[in-house]
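The sequence lines fix the lettering, A, B, ..., with proteins before strands; numbering per chain opens at 1.
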Number of protein chains: 2
Amino acid sequence: MSRGFSKPFGILDGMIVAAAKPAEQTDTREAILTIAERLVQARGFNGFSYADVAAELGITKAALHYHFAGKAELGEALISRYGARFADALAAIEAAHESAFDRIVAYTRIYASVLDQQRMCLCGMLAAEYHTLPEGMRRAVVEFFNANQAWLRRLLEDGQNAGTIRFAGSPEDAAQMIVGTLEGAMLVARPYADTSRFQRVVDQLLRELRP
Amino acid sequence: MSRGFSKPFGILDGMIVAAAKPAEQTDTREAILTIAERLVQARGFNGFSYADVAAELGITKAALHYHFAGKAELGEALISRYGARFADALAAIEAAHESAFDRIVAYTRIYASVLDQQRMCLCGMLAAEYHTLPEGMRRAVVEFFNANQAWLRRLLEDGQNAGTIRFAGSPEDAAQMIVGTLEGAMLVARPYADTSRFQRVVDQLLRELRP
DNA sequence: GTCTATAGGCAGATAGAC
DNA sequence: GTCTATCTGCCTATAGAC
């Protein structure tokens, strides 16, 4: 948590809390990103506009272009900040939990807290819209998933060695299945606006991972 | 397969084949739906326009409005046709396979064939865009998932009784996990344009379901 | 940094001729 | 059924004043 970002996924000292809007924004650029992030997670990159952000922030569209040359640049910045915060959250999980299983439980709570805010995972949303995204954003989305799955794979490897987690197949395959299951459970839970629906899938998943 | 729809998901006589474009379209309305369906699955409901469909079909936007009053009506018709074809595909699976496990394998191949065409599941895509959809489309998306999961739940119940499939928890929960896993695996595989990535997750899932 | 003003394009949609 | 023509509105983006 050294980068000074606001607490992104509601993770604080290993506890899951409702993500609060920062009382004061460090600067306009961050405020833009925070608003745009929520809009993209809720409505998609093709479902929000500069006008939406400008209206909510109380400045004009023209001012947005001062901070981000175009929508593509804004999009890349969104993924970059999101990825950095996600990495922070993963580091916090490692600091707070010892066993691989406990870490996975905490990992699933990141997703749950995002869903609680009526949001989709940013990069899950962008994966759906992938074929409409500018090239720079595409690269960033792939990098996010790579980093995410690499972290999971290492966790699974360690857990397998320590006997604190159980799974069939390779750690790589299991990592992909975990990410896929969580992203998909979020996706399908959205139309139902029902967190418990997501949680039941997670419980099912955790039951299979419990050593 | 009694409705006379074109073979939607590449399922024919229990075999998975590349989904071929129908040689001749029954009428303009169907042609519009076929083109729009592909565009929505590839780019999202907010990522295509009447102009895209009109250009590809070689007619004008105004002609589209004769067949579908507005984008919302077109969207509802898309989900309705997709859902009917999906139901046909499920019926075909039941006709072609006896055991619950074999049926699940065939079920996963529906998703694989969609992904092979660089598409997302139509309703998976719409679930991502859910908060931007008109009310009628939202209802239709939920109904699709309800029907889909009800079919899976019955299959799991039957398989559990016959001992041809294995899972922990309730059939309902397992059904939700299967749908979630498949939708999520499709979603995450998109940025990688790699079917084998999807297939590895499916193999992982099937390994756990094998009796 | 933020504004006003505006460009230029595309969106969904309609009127009315054929 | 399909066309031409057109409307209104929103989109991203830019120029230039303050």
Using only heavy-atom distances, determine whether the side chains of A:Glu208 and A:Gln204 contain a donor-acceptor pair under 3.5 Å.
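Result is no, nothing qualifies.
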A:Asp102 and A:Tyr107: side-chain donor and acceptor closer than 3.5 Å?
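Not at all, the side chains of A:Asp102 and A:Tyr107 share no donor-acceptor pair under 3.5 Å.
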5′-ward residue of the pair A:Phe45/B:Ala63 relative to DNA chain D:
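Residue closer to the 5' terminus by nearest nucleotide: B:Ala63.
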Separation of [X] atom [atom1] from [N] atom [atom2], in whole Å?
| X | N | atom1 | atom2 | answer |
| --- | --- | --- | --- | --- |
| A:Leu57 | C:dT2 | CG | C1' | 11 Å |
| A:Arg29 | C:dG1 | CZ | P | 11 Å |
| A:Leu64 | D:dC11 | CG | P | 12 Å |

Which heavy atom in [X] sits nearest to a heavy atom in [Y], and how many Å separate them?
| X | Y | answer |
| --- | --- | --- |
| B:Tyr111 | B:Met186 | CD2-SD, 3.5 Å |
| A:Lys71 | A:Tyr50 | N-OH, 3.4 Å |
| A:Met120 | A:Arg190 | N-NH1, 3.3 Å |

Which ones in residues 46-55 of chain B lie close to DNA chain C, meaning a heavy atom under 4.0 Å from one of its atoms?
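Nucleic-acid contacts, sorted: B:Phe48, B:Ser49, B:Tyr50, B:Ala51.
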Can you list, by residue number, the residues of residues 65-79 of chain B that have a non-hydrogen atom closer than 4.0 angstrom to DNA chain D?
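Output list: B:Tyr66, B:His67.
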For B:Arg81, is there an ion pair with B:Glu30 - N to carboxylate O distance below 4.0 angstrom?
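Looking at B:Glu30 and B:Arg81, the cut-off is met.
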